[in-house]
S.K.: 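Encoded as structure tokens, here's the structure I'll be asking about.
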Amino acid sequence: MFTGDCEESNEMDMINSYDLEDIDFLKVAHHGSYTASSLTFLEETTPDIAVISCGYKNSYGHPHKSTLDNLESVDAKIFRTDQNGSMQFYSDGEKIYSKVKYKEYK
């Protein structure tokens, strides 16, 4: 699921309009801002893998601690571009994998 720059109100619209249970891959919205990735949304979608695109030491403080806490609470494996640089993930329709071993956020 690629969420772009959606915020919590958009997340609520999505979970009220679609069956989004058990998402395998989530491109975290808005660079990990506190205005998105609400716990309600994450508990509904339960992503296995969450990727946050954000710049190293960016002036906005992304990703926000509450976003990381929310992702951790649903046991998502978190990967960040500020720690790994550019990342590529692939899917064969059954599983998601990468050709490179990326550092997982802990």
S.K.: Evaluate the side-chain proximity of Ile15 to Phe41: yes if any heavy-atom separation is below 4.5 Å, no if none is.
M.R.: yes
S.K.: What I'd like to find out is whether the side chain of Leu71 reaches to under 4.5 Å of the side chain of Ile52, using heavy atoms alone.
M.R.: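 They are in contact (side-chain heavy atoms under 4.5 Å apart), so the answer is yes.
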S.K.: Does Val51 reach the side chain of Met87, with side-chain heavy atoms less than 4.5 Å apart?
M.R.: yes
S.K.: Evaluate the side-chain proximity of Lys77 to Asp48: yes if any heavy-atom separation is below 4.5 Å, no if none is.
M.R.: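 Of all side-chain heavy-atom pairs linking Lys77 with Asp48, none is under 4.5 Å.
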S.K.: Drop me the distance from Asp13's CG to Glu7's CD, to the nearest 0.5 angstrom.
M.R.: 12.0 Å
S.K.: Ignoring hydrogens and angles, tell me if any N or O in the side chain of Asp82 forms a donor-acceptor pair with the backbone of Cys54 under 3.5 Å.
M.R.: no
S.K.: Could you tell me whether the side chain of Arg80 reaches within less than 4.5 Å of the side chain of Pro63, counting heavy atoms only?
M.R.: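 Yes, side chains in contact.
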S.K.: Identify the heavy atoms of His30 and Cys6 that sit nearest to each other, and give their distance.
M.R.: CB-O, 4.3 Å
S.K.: Please check if atom OH in Tyr18 has more than 12 non-hydrogen atoms from other residues, nucleotides or ligands closer than 6.0 Å.
M.R.: no
S.K.: Does either side chain, that of Ser38 or that of Thr40, offer a donor lying less than 3.5 Å from an acceptor on the other one?
M.R.: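 No, because no side-chain N or O of Ser38 sits under 3.5 Å from a partner of the opposite role on Thr40.
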S.K.: When the aromatic ring centroids of Phe89 and Phe25 are compared, is their separation below 6.0 Å?
M.R.: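 Under 6.0 Å, so yes.
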S.K.: Tyr97 and Phe79: same hydrophobic cluster, using ILVMFWY side-chain contacts below 4.5 Å?
M.R.: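 No, because Tyr97 and Phe79 fall into different hydrophobic clusters, even though each may have its own neighbours under 4.5 Å.
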S.K.: Could you check whether Glu104 and Tyr102, counting side-chain N and O atoms only, form a donor-acceptor pair closer than 3.5 Å?
M.R.: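 No, no side-chain donor-acceptor pair sits under 3.5 Å.
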S.K.: Quick one: do the His64 and Ser66 side chains pair a donor with an acceptor below 3.5 Å?
M.R.: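 Short answer, yes.
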S.K.: So, do Thr67 and Ser33 sit near enough that their side-chain heavy atoms are less than 4.5 Å apart?
M.R.: no
S.K.: Tell me whether Tyr34 shares a hydrophobic cluster with Tyr105, the cluster being built from Ile, Leu, Val, Met, Phe, Trp, Tyr side chains joined at under 4.5 Å.
M.R.: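 Tyr34 and Tyr105: separate clusters.
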S.K.: What distance separates Lys65 NZ from Glu72 CD, expressed to the nearest 0.5 Å?
M.R.: 7.5 Å
S.K.: Nearest 0.5 angstrom please: Leu42 CG to Ile23 CD1, how far?
M.R.: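 It is 11.0 Å, given to the nearest 0.5 Å.
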S.K.: Can you tell me how far CG of Asn16 sits from CD of Glu11, rounded to the nearest 0.5 angstrom?
M.R.: 11.5 Å
S.K.: Hey, what do you get for CD (Glu21) to OG1 (Thr46), rounding to the nearest 0.5 Å?
M.R.: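 Glu21 CD to Thr46 OG1: 7.5 Å, rounded to 0.5 Å.
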S.K.: Where do Leu39 and Asn70 come nearest, in terms of heavy atoms and distance?
M.R.: N-ND2, 3.5 Å
S.K.: Counting only N and O atoms by type, is there a donor-acceptor contact under 3.5 Å from the side chain of Ser91 to the main-chain atoms of Lys95?
M.R.: yes
S.K.: What's the separation between atom NZ in Lys27 and atom OG in Ser53, rounded to the nearest 0.5 Å?
M.R.: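 Reported value, rounded in 0.5 Å steps: 5.5 Å.
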S.K.: Quick check: are there more than 12 heavy atoms from other residues, nucleotides or ligands sitting under 6.0 Å from OH of Tyr90?
M.R.: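 Check passes, neighbour count above 12.
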S.K.: Does some side-chain heavy atom of Thr35 sit less than 4.5 Å from a side-chain heavy atom of Glu8?
M.R.: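 No, their side chains stay 4.5 Å or more apart.
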S.K.: Between Leu26 and Ile49, is any pair of side-chain heavy atoms under 4.5 Å apart?
M.R.: no
